[in-house]
Amino acid sequence: MSPSKTNKNVPLALFIFPPIYDFAFFDLFVKPFSLLRLARSFETAGYRIKIINCLDYRDHESIQSLGNPKRRSNGTGKMMKINIEKPEALKRVERVFSRYGILSKEIKKRLGEEIPDIILVSSGMTYWYMGVNEVVEAAHATCPEAPVIVGGVYASLLPEHCKRATGADYVVSHDTWGSLSAICTRFGLPDRLEEQKTIFIDDSIRDAACIRINRGCPFSCDYCASEMLSGNFKKGDADEVFAIVEEIHRKLGTKNFAFYDDALLACKEDAFLLFLNKVADSKMQLSFYLPNGIHLRYFDYEIARMMKQVGFKELRFGFESSDERFHQNHDMKLSPSNLEEKITIAKDAGFTSGEISAYILAGLPGQYKEEVEDSIRHVSRLGIRARICEYSPIPGSALWEKSICDSSFPLAEEPLVHNNSILPMRWDGFTYRDLEDMKDLARSLFIRNSSREA
Ligand code: SF4
């Protein structure tokens, strides 16, 4: 059945959150935050809105065919998947490759229900572009008249590759509002698009939603893309974010909220702390999470106490390394010696050791396994969990050129090999086997700490 138009007077904007192709995927609050913000802007400009979330783990048809993925009560968990043949660029990696998300035929079915006037596709990691390809191709095949626009992280970091690989009609890599308005004008569609203070409320965020207060980060670490993607740090508005949380909670009953901020605690007295006070006053019973680490530098007792009071279930610190030289060379964050003091503050505020963890960056160009091992042992000795965060080379970041030079993978030509799961910067001083050992070490020390605490 070919798609039909149901209401010619009000244009339809279709937003697609693509499936993910990877060696492993755990949905740690992977929600369409930016897409829903954009959708609200289109709605305000006079469009009807439709969302296809390809990571919808509740999709009935996909569950029937692929099984029910194991989920947690906080809205995170596994995703239904199909194992597929590895693309040529990843053939040498001895791991199973999968497509995560709802069935392709379900995406096509939803695309075919009604002809949209414009289709907007988001993109995440550069190495996830196969999912973007899939939905752009399906959109073109099903709705050939509608312009297909790709935006998001991959589109911003590699706009030319995105245009070439996905075949999208337009790739928006900067000046989002100006670019989208110009495209709408060209197609005779409503074009008064402006950033809105709220987001489009979609049922896909019923179990868990993501929010953000501040934009960007005041730091400029060699291994990060925050500045390229978000520009200079901009303090957010506590009232606006509280209004979003309150609206989502009221309309959907959502209780779990994860912060997407790169620098949640920066300027905290004028933003995050005000937000926490509003939540405390509201008496809403919510749970908050931190998939991105928070800065040790800005963490103090007052913030810890309020976070505990309003329902933060965990603290994840961006620690990266116990080696002073690492920080002198790459990020100028706080001295590693400050971690112990911050853990004491967190515990004084009521967080248990099991609720506190620190991210350790592994697999940077030229990094030795021993440095990562020392960092894991350092963090574990302090009684908290060490979480390994594998390095992914990011186009345009300060370490990008060195990464291209040092890697045995063709980073400049093929974004699939930016995938942190394959350890793109593996070398004799830090092999893939070493990475597995480091993960085992972190796991075993965490279990030992937990059993001691119990
Ligand atoms: S502190 Fe974190 S978010 Fe900020 S630039 Fe460094 S890695 Fe990126």
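When a ligand or atom number is given, it counts from 1 through the structure's own listing order. We use all heavy atoms of the structure for the numbers below, so side chains are in, but hydrogens, waters and symmetry mates are not. Just so you know, residue 1 is the first one in the sequence shown, and it goes up from there.
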Ligand 1 to Tyr223, heavy atom cutoff 4.0 Å, flagged ligand atoms 7 (S)
The protein heavy atom nearest to atom 4 (Fe) of ligand 1 is Cys217 SG, 2.2 Å
re atom 1 (S) of ligand 1, the protein heavy-atom contact at minimum distance is His295 NE2, 3.0 Å
>> Taking the cut-offs as 6.0 angstrom to the six-membered ring centre and 45 degrees off its axis, would you call Arg385 and Phe446 a cation-pi pair?
In response: yes
for atom 2 (Fe) of ligand 1, nearest protein heavy atom and its distance come out as Lys333 NZ, 4.0 Å
*Assess Lys313 against Tyr289: is NZ or CZ under 6.0 Å from the centre of the six-membered ring, and within 45 degrees of the ring's axis?*
no
Original post:
Taking both backbone and side chain into account, is any N, O or S atom of Cys221 nearer than 2.8 Å to atom 6 (Fe) of ligand 1?
Top reply: yes
Would you indicate whether Asp175, at its atom CG, is surrounded by more than 12 heavy atoms from other residues, nucleotides or ligands within a distance under 6.0 Å?
yes
heavy-atom search around atom 8 (Fe) of ligand 1 in the protein gives Cys224 SG, 2.3 Å
request  = For Ser204 and Asp202, test the side chains for any donor-to-acceptor distance below 3.5 angstrom and give the result as yes or no.
outcome  = yes
ring-ring contact (aromatic ring centres under 6.0 Å, His included) with Phe23: of Tyr432, Phe97, Tyr100, only one passes, and it is Phe97
